[in-house]
Amino acid sequence: MRNLASLVFTAGLAFLLLVIAAQLGFGEPPMRVGGAILEQAPAEVGAANIVTAVLLGYRGIDTLGELSILFAAATATGLVLVRGRKDCGHGTSDPPGGFILRTGADLLFPLLLVVGFYIILHGHLTPGGGFQGGVILAAAFFVLVLARPGADGSGGTSHTAIAFIEGLAGAGFIAIGLWSLWDGGEFLAPLLGKGVMGELLSAGTLPLLSLAVGLKVGAELAGLMTQLAEQPAGPQHPHPQAEDRGS
Amino acid sequence: MIPDVDLDLQTLFALVMVALVLVSAVLVLILDNMISAVAASGVVSLGVAVLFVLLHAPDVAMTEAVVGAGLSGVVLALGLRRLGLWQLDATDTSPERRGGKPDA
Amino acid sequence: MSAMGPDSLSFVVVMYVGAFGLLVIGAIGMVMSNHLFRMVLALVIAEAGANLLLVLSGWRDGALAPILGTHAADVPMVDPVPQVLVLTAIVIGVGVQALAVSVLLKIHRIYGTLDVRALRRHLELDICRDAGMAPEGSREAPAGERPLPPPIPVADALRTAATDQTGATS
Amino acid sequence: MTGLFSISQGHSVLPVVLPLLAAFLMQPLGRVARPLALLLGPATLALSAYLLIRLWLAYGDAPYALAIGGFAPPLGITFYVDRLALLFATAVPVLTLLFWSRGEDDADPLRRDAVMLLLAAAATGLALSGDLFNIYVFYELVAVASFGLVTLRATGAAYIATVRYLLLSALGSVLALVGIAIVYLQTGTLSLAQLAMLAPDALQNPLGLAPFALLLIGFGVKAELFPVNTWVPEVYATAPTRISALLAGLVSKLAVIVVVRLLVLAFDGTGATQLMLALGALGFVTGELAAWRARDLNRMLAYSSIGQLGLVFVGFSLGGTAGMLAGLALVLHHLIIKSALFALATRWRGALARLTGAARSAPVSAGLVVLFALSLIGVPPLPGFWAKLLLVLGLVELSTPLALGALALVLLGSAVEANYLFRLVVRLYARPDDASTPALPKPKLLDFGVASAAGVLLLAATVSVVPVSGWLRGVADQAADRAAYIDTVFPTTLVQSGAR
C-alpha cells in the first residue's frame, strides 16, 4: 500500500509542476522588489556586493533566524549525540591520518584560515560572506581532527572554546542589532556611516555582522563535525530489546 | 564571440551540466554502494554550483560548492563510517551492508 | 529554436528542466526508498532542485551578477533577493541533514538496521511496551477486539462494565 | 532597560530577539555560572511576556506595522502586529513557561533550555511576521527546534519517530520553497501586504491554487493537516509529554494561523478554501476514527488533536468574518483543552486499561477530564458548543455540496468522538475489581495547576459567553480585513499610492 501512496504522491507532484511550468513566465521576473533594491542598495547600505547588502541589511532578521536554525541543529545534534558518550567505552575506529594527511593538514590549516577570514571580511565587496567563510573556517579546524584523531577522536578540539566562540559571536550579532534599537533606530538598522564604496571599511556595520556570522557558523560546524567524529563506530549490540529504554 | 550558431555556447554548456546533474541524481538512488551514492550527491551539488555560476549568482555558487559538496559530503561520509556502511569492495553484498536498493 | 542572442529562451528551458527534474527525482527517492540513509540523500537532491528553481525565479535575460565594481554601473543586473533566499535555504538544508545523520547513528546503534519497514515494526512494538500494553494484533490483544462491551442500561452499567473489562484486557 | 519604562512600537521585535539572545548565551553562561544559566530561560520568557502585555495595553486597539532595520515595507521585512498576532504572541511565552521542563529527566538541561528558547522565539516570530520568506525561516526554526526536543527521552522509538518526522517536515519545506519561488516569480515581492495588493491579478487560478497547495502542504506538516500528519501519533507518544503539550497545544495553532493569513491576504479567490475544506474534513474524520481505536492515552490525544485541527481548518475555510470567527473560536478552545489534557497525561501516560478507576485516587483530575470531554464534544453551556455551533451554521450557510458533505463528516466525526471520550470517562469511574492495580503516580503541582487553570478558564468562558464572543468577533473582524492590512503596511497617502 505504501508504494501506491508514494506513486500517487509523486505523480501528483509531477503533474503540479508541469501545470506550473506551462504557466510560468520564463526569464522575465517582474523585478518589483529586486529592481528597487538594485537602485537603492548602494545608497542606503553602501555595500558593493548587493547580495550581502540584502542578506545583512534589508533582510537582516532572516539571517538572524537562519543563524538560529544552524544553532538549533548543532545544539539538537549535541543533545542526540553527547548522550552516547557515557556508554561508549572504546574510542573511534578511525586510524590516525597517514603521513600525507598529517603534512597536508599542517600546510592547509593556515591557508584555510587566511582564505576563510578573507572571505568573511570581504563579504560586502566580493562574492562571499559570513556563511561561506564560516564553513571554510570549520573545514580548517576539522582537517586537523581528521589528521590526528587522538584517543577520543576529537583531535583535541576543546568544546568549551567552541561553546564560548559560538555563544559570544551570536550574542555579538544581536548586540549590534540591539545597539541600533537602543539609540532610537530600528532593530538591525545599519550604523557607523557608509564609508567609501569598495573600501574594506565601508558599509557600516555589515563587516562586523559578517564577522559575527562567520565566527558563529565556523565554531558551530567545527563542533558539529567533531561530535560526529567522536562517535564510536558501528552497532555495539546487534538488536538489544532491553537497551536503555529511556529514563 | 562565435557567430550566432543555432545553439549558442552557453546553452550547450548548460545542457551538458544539467544532463550531468540529472544523471548523477538518478545514480544516487540506484547505486548499491552507499559511498558511491554519497559521491554522486557531491557531484549533484557541484553541478548545481556550476549552474548557479551560469545564472550569474556567484555568492550562491560559492555557498553551494562549499556547503553542498564540502560540508554535507563530509557529514554524510562520517555518518557512513559510523553506520558501518563504509565498505569499498563490492564483494560484501549482504542486504543490510548494501543498504537495500529501493524496489522500483 | 530561435537563437535570440546568447541567453536565448532555450537556456532558461534547459535550466527549468534541470530544476524540476531534480525536484521530482528527489521526491521519488524520498518517497520510494526503503533505506533511511538513501532518503536523506534524496532530500539533498530535492533541496538542490528547489534552490535552483528559486535562483531561476530571479534570473533575467542578459543581466549580470549583482556585484558592483565587477562590471559597468549601468548594466542590467540579476535580481539579488532570490539569491539571498537560497543562501539561507542551503544552510538550513545542511543543518537538517547533519541532525538527520546524527539521529540515524543513534537508531543504527540501538536497532542495528536502517530499513524503514523493520524500523516501523520496532517503533510500534516499543510504543506499546513503553505504554505498558500488549502490542497490536498480538495473542493477548487481537486487533479486532474492542476494549469495552457495548453500553448496557445505566442501572448496573458500572458493575458489569467493570467486570467485563478486566476479563477482556487482563 | 528602556523597555521597562516607556514602551515603543520598536520594542515589538524584542519578544523574538531576547529569547534568541538568551539561547545563544546559554552555553557560555552555563560554563561560568550554571545556576544562573538554568534561570536565564524562564526569566527571558517572563520578560518577553511582560513586554507583549505592555505592547497590548499600549497599542492593542489599532494594528501597526514595524519595518525591521528601518527599511521601507516592500524592500525590508515588516512585522504586522494586530490583535490576533498579539494574542498568539503572548500565548507563546506563557505556555512555554507553563510547560518548562525543569531538568528532572534529561542529561543535558542547558542544551534543552536553549532549544526551548529557540522554539519560543520562533513561535513568537511566526505570529508577528508579515513577510513570506521570514515566515518560512521562523517555521523552519520551529521545526528544527521541535526535532531536538522530541528526542529528549532518548528511547529507540523516540529516535525513529524523530527521523520520520524530520524527513516528512523537510520534504514539506522543500515543497513550501517551491511555492515561494512561484509566488516570487509571479508577483516579484515577498511582503504579504504587497502580495495582498497584487494577488487579484498576478496569482490567477492555475498559478494561484498551485502555490497555495504547495505552501499548504509545506506548512500543513506542523499544522497536522490530513495528508502530512502521519508523524503526529508516533511523535506525541514518544516525546516527553510536556513537549507534546507544547507542540500540540500551541505550535500547531501558529502554523494554522500562518496558513490562514496567507489564505486571507493572497489566495482567497483561487478555490483555496475548497481545498482546505476538503482536507480539513478528511483530517477530522480520520483523526477521530483513529482516536477511537487508540489504546494508550498519548496516542488517543494525538489523534484527537489531528481531528480537532481538521475541524479548525474546516472552520477557517468558511471564508470571511464568519469563517475567521468560527476558526478562531475552535483554535482557542482546542488550545486550552489540549494543553490541559496533555498536562494531565504527564501523570496518566500509558495504556488506557491502566486508568480503570482512576477517579478514586484523583477525583479532581477525573472531574476535569469530564469537563474537557463535554466541551470537546460540544455540550450546550460549554464554549465548545458555541464554537461548533458557529462552524455548523457557517457550513449550512455555505451549503455548497462540498460544505454539506463536510457537515455530514463533521457530525459523524463528532459522534465517534463522543463515543471514545465517554468510554474514557466511564473507564475512569468504573470500579477496578482487583485492588492491586498500581496506584497512579502523584501529579506534579504545576501540571495539575495548568489543568485546573484551564478548567477554570473554560468555566469562566462558559459564564461570560457574550463578552468573550464580542471580543473574539473584534479580533476576527480585524484579522479578516484585507484592506486594513494593506493600509497599515502601506499608509496610502496620495503621493505614495501612485508609486506602489
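Per chain, numbering begins at 1; letters A, B, ... match sequence-line order.
- Only the side chain of B/Leu71 comes within contact range of chain C, with at least one heavy atom under 4.5 Å from a heavy atom of that chain.
- Ring centroid separation for the pair C/Trp59 and C/Phe11 comes in under the 6.0 Å cut-off.
- Across C/Pro66 and B/His56, no two heavy atoms sit closer than the pair CD-O, 3.9 Å.
- Contacts with chain B (heavy atom to heavy atom, under 4.5 Å) involve these residues of residues 81-90 of chain C, listed by number: C/Gln83, C/Val86, C/Leu87, C/Ile90.
- Contacts with chain C were tallied for B/Asp59, B/Val48, B/Leu80; B/Leu80 has the most, counting heavy-atom pairs under 4.5 Å.
- Rounded to the nearest 0.5 Å, atoms OG (B/Ser41) and CE (B/Met34) are 11.0 Å apart.
- Of the residues considered (C/Met15, C/Gln97, C/Met77), C/Met15 shows the highest number of contacts with chain B, using heavy-atom pairs under 4.5 Å.
- A pairwise comparison of heavy atoms in B/Ser24 and B/Val44 identifies OG-CG2, 3.2 Å as the closest pair.
- Counting heavy-atom pairs closer than 4.5 Å to chain B, the top-ranked of the candidates C/Leu64, C/Val91, C/Val17, C/Ile107 is C/Leu64.
- Without hydrogens or angle criteria, C/His108 side chain to B/Leu83 main chain gives a donor-acceptor distance under 3.5 Å.
- Heavy atoms closer than 4.5 Å to chain C are found in both the backbone and the side chain of B/Val28.
- Evaluation of the side-chain hydrogen bond (donor to acceptor under 3.5 Å, both in side chains) rule for B/Thr63 yields A/Gln132 as partners, not counting sequence neighbours.
- Taking both residues in full, the closest heavy atoms of B/Val38 and B/Ala77 are given as CG1-N, 4.5 Å, listed atom of the first, atom of the second, then distance.
- The side-chain hydrogen bond (donor to acceptor under 3.5 Å, both in side chains) check on C/Asn51 picks up nothing, with sequence neighbours excluded.
- Taking the side chain to side chain contact (heavy atoms under 4.5 Å, CB included) definition, one finds that B/Val53 meets it with B/Ala61, sequence neighbours left out.
- The choice from B/Ala57, B/Gly79, B/Ser72, B/Ala40 that makes the most heavy-atom pairs within less than 4.5 Å of chain C is B/Ala57.
- Taking C/Val55, C/Val44, C/Ile28 one by one and counting their heavy-atom pairs under 4.5 Å with chain B, the maximum is reached by C/Val55.
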